[in-house]
Structures are given as C-alpha cells and as structure tokens.
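So you know, we letter chains A, B, ... as the sequences are listed, proteins then strands, and number each from 1. The shown structure was predicted, so the numbers you read here are calculated from the model rather than taken from an experiment.
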2 protein chains.
Amino acid sequence: MTKMTEATYFILAALLEAPLHGYGIIKRAGEQSAGRVKLAVGTLYGALDRLAEAGLVVVDREEVVDGRPRRYYRITDDGVTAVREEAVRLQQAARVVTGQIAVMGA
Amino acid sequence: MTKMTEATYFILAALLEAPLHGYGIIKRAGEQSAGRVKLAVGTLYGALDRLAEAGLVVVDREEVVDGRPRRYYRITDDGVTAVREEAVRLQQAARVVTGQIAVMGA
DNA sequence: GACCATATATCGGGAGCCGATATATGGGCT
DNA sequence: AGCCCATATATCGGCTCCCGATATATGGTC
C-alpha cells in the first residue's frame, strides 16, 4: 500500500515546481489547494525530517535573509515518483465513490 | 477541512451499495480497490464505533448465522454526503499533481 | 509600543492505524 | 483425530503522526 499521509503529499506537491523553504511550502500548499490545506508548522518540520530521511527530499541550500535563516528543500527523483504514484492512488480512491472515469494525460 | 481518514472513507464506500457486516466490509473494501486496501480488524471496529457516534452509519440489524453473530451496518444520508464530499476532495488533491481535469458526472 | 508576517524549532497531547491476541464454528486436508 | 483456514466479533498496546502552543528573532506597519 505504501501509504502516504495527506500532509506529506501536499509538501511534495508544493516542491514539484521549484525548491522552497519551510514557510514557503506552507503558503504554496495553501495556494495549490485554494486555501483548503493549512499545514501546521509542527506538522511541517516533522514531516520534512521524515521525508529527508526517506530520501524523497534533500536540502538544496541554506541562506540568510535579513538575519533570518532560510533552508530550501528540493524534491528528489524518488520524491517525484512517490508523489505521482500517490496522486494515482487518490484518483482511484475517488473513483470508487464517483464511479466516473477520469481523463488522464501523462 | 473536515478531514476523513482513508480507512473511514473505504468503510463508507463499501456500504454505499448495501448494508454489510464488519467482515463483509473488509472484503468489499478489498474488492473495490483491487486488493490495495486491507482494513485491519483493529482499525475497522474502532472506526465503525466512531462512525456510528457521528451518525454516518447505523446498525441495520443483527443476525446469528451458524452460531456466529453478524451485525449489519447501514450508511445514513449524512454518511453518503460525507463520503461524496471526500471523493471530491481526493480528486482535487490528485489534480494538484496530475494537472489534469477529471470528467465528472453527477 | 504593539502587532503582524516571516522563519525555524521543539514539546506534549491526542487521534487513529494495525498487529497480536482471544473466542467460537465449520470445512477441508492429511 | 489433529490442524489449519475462513468466517466473525472484540480488545489492547504500541507506534506513527498531526497539530496547537510555545520560544526566539527581525522588520514593517499602525
């Protein structure tokens, strides 16, 4: 089953376009879901640690902006594969109830 | 957000067609997901208690077959609404990654 | 000065999944 | 006869993980 939690899924999804730092991930996840997903900070950092340990994300670079540190995370190839597989699982799960066939491209 | 767990979702989905007893729900969920979802018994009964308390399912009837008790659960109108809303959420979540638009009927 | 957005980090509580265990019956295999 | 398996319900403890609260720090707005 290789289950993935919802928070983990949206974190990976947020990193698909470009590397982001923690706070940026929270904002991006909110944007992508039209405000429905609000990642709590306590959720984020724990999840990022787990993702890094699993090799699905890596620290891209660290910066200091206005005295505040910023740690950018980048999704790995394994991370991309994992989040795409999870997207397929979500769609299949939805189909069980909707009974509708989704049009899927690449 | 009104989050619903994966186990809860598949339990409600399994009950959409007809009332089922606990063990039947486990088998039905496996069928509907092509064997991907395997509900653990410890998960099932706890989840059913929570669903009953929330009014999303009710006990339909109790039977005794071959000396073994069977308790049938039935999904309520609120349960149907909840599982449909969750299906939409899952589809929207999947779309964040796939970027594809799904064809939806009713 | 107070508050808010930005930014990272930790801790504790609570929810919930899951394997193990217990109990019970009937069928199939050896 | 003995054993395992499928069926069927129920409970318990461990573990994962989400999340709010808290702490710390800076710069802009009011």
Quiz item: Which heavy atom in A/A14 sits nearest to a heavy atom in A/L20, and how many Å separate them?
Solution: O-CD1, 3.6 Å
Quick check: do [X] and [Y] have side-chain heavy atoms less than 4.5 Å from each other?
{"X": "B/T98", "Y": "A/R84", "value": "no"}
{"X": "B/L39", "Y": "B/I11", "value": "yes"}
{"X": "A/R61", "Y": "A/R71", "value": "no"}
{"X": "A/Q91", "Y": "B/L90", "value": "no"}

Exercise. State which residue, out of B/V59, B/D60, B/I25, B/V58, fulfils the side chain to side chain contact (heavy atoms under 4.5 Å, CB included) condition with B/Y72.
Key: B/D60
Quiz prompt | Of A/I75, A/T76, A/L56, A/L15, the residue whose pairing with A/L51 passes side chain to side chain contact (heavy atoms under 4.5 Å, CB included) | solution = A/L56
Quiz item: Around atom CD of A/E62, are there more than 12 heavy atoms of other residues, nucleotides or ligands at under 6.0 Å?
Solution: yes
Rounded to whole angstroms, how far apart are [atom1] on [X] and [atom2] on [N]?
{"X": "A/R28", "N": "C/dT6", "atom1": "CZ", "atom2": "P", "answer": "15 Å"}
{"X": "A/Y23", "N": "C/dC4", "atom1": "OH", "atom2": "P", "answer": "12 Å"}
{"X": "B/L39", "N": "C/dC18", "atom1": "CG", "atom2": "P", "answer": "8 Å"}
{"X": "B/I11", "N": "C/dG16", "atom1": "CD1", "atom2": "P", "answer": "12 Å"}
{"X": "B/K38", "N": "D/dA6", "atom1": "NZ", "atom2": "P", "answer": "12 Å"}
{"X": "A/M4", "N": "C/dC17", "atom1": "CE", "atom2": "P", "answer": "18 Å"}
{"X": "A/I26", "N": "D/dC18", "atom1": "CD1", "atom2": "C1'", "answer": "13 Å"}
{"X": "B/I25", "N": "D/dA10", "atom1": "CD1", "atom2": "C1'", "answer": "15 Å"}

Practice problem: Enumerate the residues from residues 41-63 of chain B whose closest heavy atom to DNA chain D is under 4.0 Å, giving them by residue number; use none for an empty result. | Solution: B/V41, B/G42, B/Y45
Self-check item: Under-4.0 Å salt bridge between A/E53 and A/R50
Solution: no
Quiz item: Under 4.0 Å between a Lys/Arg side-chain N and an Asp/Glu carboxylate O for A/E86 and A/K3?
Solution: no
Quiz item: Near DNA chain C, under 4.0 Å by heavy atom, which residues of residues 12-22 of chain A?
Solution: A/H21, A/G22
What protein N or O atoms touch nucleotides 23-29 of chain D N or O atoms at under 3.5 angstrom, if any, and at what distances?
| unit_1 | atom_1 | unit_2 | atom_2 | d |
| --- | --- | --- | --- | --- |
| D/dT26 | O2 | A/R68 | NH1 | 3.0 |

Quiz item: Quick one: is A/T5 getting a side-chain N or O under 4.0 Å of the D/dT16 phosphate, OP1 or OP2?
Solution: no
Practice problem: Side chain of B/R71 only, please: which of C/dC17, C/dG19, D/dT9 is the nearest? | Solution: D/dT9
